[in-house]
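To keep things clear, I will list the structure first and then write my remarks on it.
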Number of protein chains: 2
Amino acid sequence: MISQTEENYLKALYNLTYLKGEATVNEISKRLDIKMPTVNSMMKKLSEKGFVHYESYKPLKLTEEGKKEAALIIRKHRLTEMYLVEKMDFAWDEVHQIAEQIEHIHSPEFFTKMDQLLGYPTVDPHGSPIPDHNGVMRSENYIFLDTCEIGDVVTLMAVQPSSKELLQYLNTKNLELGTTLTIHSIEPFDRSITVSYGNRPAEVLSSKVTATLLVRPIS
Amino acid sequence: MISQTEENYLKALYNLTYLKGEATVNEISKRLDIKMPTVNSMMKKLSEKGFVHYESYKPLKLTEEGKKEAALIIRKHRLTEMYLVEKMDFAWDEVHQIAEQIEHIHSPEFFTKMDQLLGYPTVDPHGSPIPDHNGVMRSENYIFLDTCEIGDVVTLMAVQPSSKELLQYLNTKNLELGTTLTIHSIEPFDRSITVSYGNRPAEVLSSKVTATLLVRPIS
DNA sequence: ATATTTTGTTAGTACAATCTAACTTGTTAG
DNA sequence: CTAACAAGTTAGATTGTACTAACAAAATAT
Ligand SMILES: [Mn+2]
Ligand SMILES: [Mn+2]
Ligand SMILES: [Mn+2]
Ligand SMILES: [Mn+2]
């Protein structure tokens, strides 16, 4: 009953509203590269179907049912990414486009089997949480690396957002989830950060990078 | 360029024309459960695209390009079925509906990886051949069990067509690919066949069943 | 050989998902 | 505060995939 197209709108809205609680027609339009009038009429349709709170000229919100539907699609996306990396030997920067398609497969058995073969993982290969089968997503209280201070020792827990280009950049720096970083200095001018980790010389990470790295301080 | 819908038409036409070399609008209509006028206009469209030879009131054929496209979709379908059975532990009667969806995924890397992980299989879980990456499908010269004679000893090589119901029936009889069957008698009235295999009492198979079982005589 | 049935085609309609152009509402900069 | 700009909406067109109704051709039965 929910088309692939509708699923992509729900997912976009879920991700855009995740922090602020609401999103605009314009944001969805940019995210999906679909013109605003198209987004507008789709929002009305999803509102008719009970997935979106729509009022003219007001920001958009998902209903509880919309949130659940979206989270279940994200669950399929992230389980798929995890499966591709863990069981099919893909790299973490190769899985998004495939998962973008497989998330629309209608087969509870298929995803249940994936989940089981993976041992019921709670995060995807980029550290993002996998919603449970009721669409409930646990949120961890990680902090972004660009909010840390000199002397902090932290573990890399997630990359968000995880564009292919960023992931490939992190590959070249041998930075992966679980890596422990020590912050040596912070350049006041551009907020770039010098860190060390593993058996390698210190690395400088720009603020564009540190703003995407979620870490947990070692307590 | 080729939509999911078009892919399903190409695949239907390929399978229908596989034996006779041609098929009718009516056959595709029944196979896909889509009304004849819709099939008719889709055939014209696929003809425009160079995949189908269409002439009013004449039977339909695939062009060479159409055959190749169809075979490559069937390749993805059968690789997927094999992967689901071999690597994800699904039963042979559970995989068709999932493969019917995954066959439309656009990702050469995904199917190349499947192929590699499976060790480049040549047949799917129902014994049907998997076309190669150029869309070439090798045909084995198996014979249907209902053409065998008393005293023949044969190996079950494929089930065709392999409906879920038939596969489940074969499960109850412990009949699987590779099973060696000895033909004890053939009932002239209804052409049912009594066979023995493994450590079990003789079984009677109706002609509805034997007409779907492809076997290779043990020479 | 003709009548009946089946198959194939044409014409017109519907719905989903997209677009552009034009208009309205809301926001922001002087 | 108002003018300009950005965002949102409405209206109308387009494309893809489906349908029904009506008609034409081919196959079949009498
Ligand atoms: Mn998607
Ligand atoms: Mn991810
Ligand atoms: Mn299909
Ligand atoms: Mn099969």
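Note that the structure is predicted; figures quoted are calculated from it, not measured.
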Between dT10(C) (P) and Met42(B) (CE): distance, integer Å: 16 Å

Taking all atoms of both residues into account, what is the closest heavy-atom pair of Leu117(B) and Lys87(A), and its distance? CD1-O, 4.1 Å

For Glu6(A) and dA16(C), what is the distance between atoms CD and P respectively, to the nearest whole Å? 9 Å

CG of Asp33(A) versus P of dT18(C): gap in Å, rounded? 11 Å

Scan side-chain atoms only and decide if Asp190(B) and Ser192(B) contain a donor-acceptor pair under the 3.5 Å cut-off. yes

Pick base, sugar-phosphate or nothing for Thr5(A), based on heavy-atom distances below 4.0 Å to the nucleic acid. sugar-phosphate

Under a 4.0 Å heavy-atom cutoff, the residues of residues 11-31 of chain A touching DNA chain C are none

Please step through salt bridge (charged side-chain N to carboxylate O under 4.0 Å, His left out) for the pair Glu65(A) and Lys49(A), ending with a clear verdict. CA-CA 10 Å; Glu65(A) 204 192 331; Lys49(A) 290 195 176 190; over 6 Å; no

Quick one: which residue pairs count as a ring pair (Phe, Tyr, Trp, His ring centres under 6.0 Å) with a foot in residues 6-43 of chain B, not counting sequence neighbours? none

Using a cutoff of under 3.5 Å, can you pull out all pairs of nitrogen or oxygen atoms linking the protein to nucleotides 21-28 of chain C, with atom names and distances?
unit_1  : atom_1 : unit_2   : atom_2 : d
dT25(C) : O4'    : Tyr57(A) : OH     : 3.3

Lys113(A)/Glu94(B) salt bridge by N-O under 4.0 Å criterion: no

Gap between atoms CG and C1', on Leu60(A) and dA7(D) respectively (whole Å): 12 Å

What is the distance from NZ of Lys44(A) to P of dG8(D), rounded to the nearest Å? 13 Å

Is Glu22(B) reaching over with its side chain to a backbone N or O of Thr17(B), donor-acceptor style, under 3.5 angstrom? no

Parallel, tilted or perpendicular, judged at 30° and 60°: which one describes the rings of His77(B) and His96(B)? tilted

Closest nucleotide of DNA chain C for Ser3(A) versus for Tyr54(B): which of these residues is on the 5' side? Tyr54(B)

Atom CE of Met36(B) to atom P of dC23(D): distance rounded to whole Å? 16 Å

Which nucleotide in the set dT18(C), dA18(D), dT10(C) lies at the smallest distance from any side-chain heavy atom of Tyr9(A)? dT18(C)

Can you tell me the distance, in whole Å, between the NZ atom of Lys35(A) and the P atom of dC19(C)? 5 Å

Does the side chain of Thr194(B) come under 3.5 Å of the side chain of Ser185(B) through a donor N or O and an acceptor N or O? yes

For atom CD of Glu48(A) and atom C1' of dA16(C), their distance in whole Å: 15 Å

The Watson-Crick or G-U wobble partner of dG12(D), with both key distances under 3.5 Å, is dC19(C)

Distance-only donor-acceptor check, side chains Trp92(A) and Asn171(A), under 3.5 Å: yes

